[in-house]
Amino acid sequence: MHTLFLCGGSGQRLWPLSNPIRSKMFLELLPAPDGGLESMIGRVCRQLTQQGLGESALFITHQDQTGLTRRYTKDCYPVIGEPWKRGTFTAAALGSLHLYSTGKAKLDDTICVAPADMFADDNFFNHFHAFPNILKASQADIALLGTRPTYPSDQYGYILPGLAATTEYTPVERFEEKPDPARAQLLIQQNALWNCGVFAFSLEFMLSYLRQIGLPIDYDEFIAVYPQLPVRSFDKELVERTAKLAVIRHEGDWRDLGSWDTLTEQLRNPIVGKGGLSGETSNTNIINELDVPLYVIGVSNIVAIASPDGVLVANKVQANEIKEIIGSHSTHPFYGETQWGSYCILDKTGSEENVVITLKLTILPDHNTRDLCSQYSSKIWTVLAGSGEVILDGSVHPARIGDIFTVAKGVIHEIRAFTDMEWIEVRIGTASKDEAIYTG
């Protein structure tokens with residue numbers, strides 16, 4: 001069996017910590033067994049190892065996040081990048097064709113597709129081992145994983161099971177997507193399950209469907225047509241159009257930490273970062289990434305979140321509305337992470353002819369920025385902390401605290417860090433020639 005973990009998201013539901021560059025799965029907020037903090041994707045990787053699924057895993061993300069995904073998976077798993085975001089079905093097809101084209105999967109092999117940002121108990125992943133036998137025994141084209149609802153949520157899809165065939169699986173009767181709470185309560189009374197977004201099928205089934213809808217099954221040809229493909233969700237494109245379905249029932253813990261309300265339930269402490277709570281502040285959380293303190297006095301049931309991208313103060317139940325607000329006022333993120341570290345835009349000023357961007361770079365020890373060449377901007381670097389070296393057009397220069405480097409337009413440049421390093425970068429360029437800040 002092969003497991004495809006889909007890494008994606010627009011970074012809007014957990015703004016201002018998440019953004020298009022740093023998806024929610026990379027936020028290191030969850031309690032880890034060693035007493036520290038871990039990210040959602042880091043937690044999943046730990047559970048994969050514990051359940052013996054690590055060798056079958058393949059992570060699929062947008063090409064701009066391949067380096068970041070490798071960083072947070074500790075480079076223990078293969079990662080492939082989508083050239084464009086085209087939905088969960090297209091990503092699953094890409095992963096399947098990668099396995100097929102490289103000879104890693106045979107036609108009768110089972111492919112399991114799952115989100116990389118799920119939050120579930122360890123036993124949840126044990127069900128993955130059962131998928132090949134369930135597909136064979138049920139003669140279903142797709143097997144799903146559902147969990148018993150704990151309350152009538154309007155944020156999840158529901159699976160209506162048919163009459164139980166065995167204790168191991170149940171045929172699927174139909175689906176209902178995000179019903180209102182009253183309807184959700186009725187569905188729960190009918191033994192409906194939350195749809196966990198985990199699907200299993202044979203490689204042959206996916207290839208057959210791609211042929212049926214006129215798409216190539218050659219990996220390179222599929223990549224070539226990617227720009228023209230519509231956004232397709234796996235549920236809408238394939239699951240809801242397939243008659244023979246079976247569902248495995250999970251009785252343990254599972255939830256989508258896609259809102260501040262659900263995420264803060266899992267935090268060890270009500271305050272992360274600088275700040276404090278005072279007075280009547282029950283069920284209130286502070287998460288602060290800034291160097292200035294954030295205080296909440298006498299307000300309960302809220303989240304107060306601060307990052308370089310903005311500040312959010314919201315009632316926990318209504319905090320999800322930020323997605324609509326951010327969607328209509330999209331701006332370029334001020335904070336980003338890469339495989340080698342992170343950057344924060346401190347200031348942006350200037351005219352159309354000359355814009356000056358000031359950034360703070362943090363580079364992890366024994367990491368390096370890849371070779372860069374700015375055609376429309378020059379840079380001035382000042383080393384604030386740590387030690388390493390700078391490479392300018394092949395010439396290597398030691399870099400220590402207080403050193404200043406000038407990088408002219410067109411010069412190939414790279415930073416290598418021996419220890420944790422911090423830099424100030426002043427970038428001077430033309431506003432009409434907007435270059436990416438840093439990627440990878």
Side-chain angles (χ1 to χ4, degrees), residues 1-9 23 25 40-49 51-63 65-66 68-70 72-73 75-120 124-132 134-135 140-145 195-210 215 217-219 222-223 226 229 231-239 242 248 256:
M1 189 185 74
H2 310 268
T3 309
L4 309 179
F5 285 96
L6 308 185
C7 312
S23 302
M25 72 186 74
M40 298 180 196
I41 193 171
R43 188 175 192 272
V44 165
C45 289
R46 175 172 56 78
Q47 292 172 311
L48 289 180
T49 300
Q51 302 302 322
L53 292 165
E55 293 185 1
S56 73
L58 170 67
F59 286 79
I60 305 165
T61 186
H62 186 262
Q63 60 185 6
Q65 289 188 325
T66 54
L68 191 56
T69 302
R70 291 191 179 101
Y72 276 89
T73 58
D75 230 355
C76 293
Y77 307 94
V79 179
I80 62 172
E82 288 186 281
W84 291 268
K85 294 181 180 181
R86 291 295 184 262
T88 53
F89 167 76
T90 313
L94 181 70
S96 300
L97 293 181
H98 170 80
L99 295 173
Y100 180 56
S101 66
T102 56
K104 295 178 180 178
K106 302 185 294 293
L107 292 178
D108 59 350
D109 281 359
T110 298
I111 309 294
C112 175
V113 176
D117 57 0
M118 72 179 79
F119 183 90
F124 182 87
F125 293 89
N126 257 334
H127 296 300
F128 288 30
H129 293 291
F131 276 131
I134 295 298
L135 286 170
D141 291 319
I142 302 176
L144 299 85
L145 193 49
N195 186 349
C196 299
V198 177
F199 314 102
F201 48 87
S202 70
L203 175 60
E204 185 174 22
F205 174 76
M206 172 61 81
L207 299 184
S208 176
Y209 186 78
L210 291 174
L215 291 178
I217 63 169
D218 177 83
Y219 182 82
F222 192 74
I223 288 287
Y226 231 86
L229 297 179
V231 175
R232 293 178 167 107
S233 77
F234 197 93
D235 292 84
K236 296 291 184 182
E237 179 66 29
L238 203 50
V239 177
T242 301
I248 301 174
D256 175 11

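The analysis underlying the following values was restricted to heavy atoms, covering all of them including side chains, and did not include hydrogens, waters or symmetry mates.
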Work out which heavy atom in Met1 is nearest to a heavy atom in Pro132; give both atom names and the distance. SD-CD, 4.1 Å
Set of side chain to side chain contact (heavy atoms under 4.5 Å, CB included) partners for Ser56, sequence neighbours left out: Thr3, Leu53
For Phe201, check ring-ring contact (aromatic ring centres under 6.0 Å, His included) against everything at least two apart and list the hits. Phe234
Spatial distance of atom CE (Met25) from atom CG (Asp117) [nearest 0.5 Å]: 5.0 Å
Would Met40 and Tyr72 satisfy side-chain contact (heavy atoms from CB on, under 4.5 Å), going step by step from the backbone distance to the final call? CA-CA 10 Å; Met40 298 180 196; Tyr72 276 89; over 6 Å; no
Looking at every non-hydrogen atom in both residues, tell me the closest pair between Leu4 and Ile60 and how far apart they are. CB-CD1, 4.1 Å
Using the side chain to side chain contact (heavy atoms under 4.5 Å, CB included) criterion, which residues pair with His62? Sequence neighbours excluded. Asp64, Lys85
Rounded to the nearest 0.5 angstrom, the OG1-CZ distance for Thr110 and Phe128 is 13.0 Å
Going by ring-ring contact (aromatic ring centres under 6.0 Å, His included), name the residues that satisfy it together with Tyr77, two or more places apart in sequence or in a different chain. Phe59
Return the CG to CD1 distance between Leu144 and Ile134, rounded to the nearest 0.5 Å. 12.0 Å
Using a 4.5 Å cut-off on heavy atoms from C-beta on, say whether the side chain of Met118 contacts that of Phe125. yes
Please give me the minimum heavy-atom distance between Asp218 and Leu97, naming the atom from each residue. O-CD1, 4.5 Å
How would you list, by chain and number, every residue that makes a side chain to side chain contact (heavy atoms under 4.5 Å, CB included) with Leu229, sequence neighbours excluded? Arg86, Thr90, Leu215, Phe222, Val225, Tyr226, Arg232
Taking all heavy atoms of Arg43 and all of Ala120, pick out the closest pair and write down the distance. NH1-O, 2.8 Å
Going by side chain to side chain contact (heavy atoms under 4.5 Å, CB included), name the residues that satisfy it together with Asp108, two or more places apart in sequence or in a different chain. Lys106
For Phe124 and Gln47, what are the C-alpha separation, side-chain angles and deciding distance, and is it a side-chain contact (heavy atoms from CB on, under 4.5 Å)? CA-CA 9 Å; Phe124 182 87; Gln47 292 172 311; over 6 Å; no
Sequence neighbours excluded, the answer for side-chain hydrogen bond (donor to acceptor under 3.5 Å, both in side chains) partners of Asp141 is none
Exam field: side chain Ser96 to backbone Ala92, donor-acceptor pair closer than 3.5 Å: yes
Once rounded to the nearest 0.5 Å, what's the spacing between atom NE2 of His2 and atom CG of Asp109? 4.0 Å
Is there side-chain contact between Thr242 and Tyr209, with at least one heavy-atom pair below 4.5 Å? no
ring-ring contact (aromatic ring centres under 6.0 Å, His included) filter on Tyr100, not counting sequence neighbours, yields none
Are side-chain heavy atoms of Ile41 and Phe5 found at a separation under 4.5 Å? no
side-chain contact (heavy atoms from CB on, under 4.5 Å) between Ile111 and Phe205, worked out: CA-CA 10 Å; Ile111 309 294; Phe205 174 76; over 6 Å; no
Residues two or more places apart in sequence or in another chain: which of them pass ring-ring contact (aromatic ring centres under 6.0 Å, His included) with His98? Tyr219
Approximate separation, where rounding is to 0.5 Å, of Ile223 CD1 and Ile80 CD1: 7.5 Å
Residues at least two apart in sequence or cross-chain that pass salt bridge (charged side-chain N to carboxylate O under 4.0 Å, His left out) with Lys236, listed by chain then number, are Glu240
Phe199 side, atom CZ; Leu238 side, atom CG - distance, nearest 0.5 Å: 9.0 Å
Of all heavy-atom pairs linking Glu82 and Gly87, the shortest is OE2-O, 4.3 Å
Considering all heavy atoms of both residues, which atom of Cys7 and which atom of Thr69 are nearest to each other, and what is their separation? SG-CG2, 4.2 Å
With sequence neighbours left out, write down each residue that passes side-chain hydrogen bond (donor to acceptor under 3.5 Å, both in side chains) with Gln51, or none if nothing qualifies. Asn126
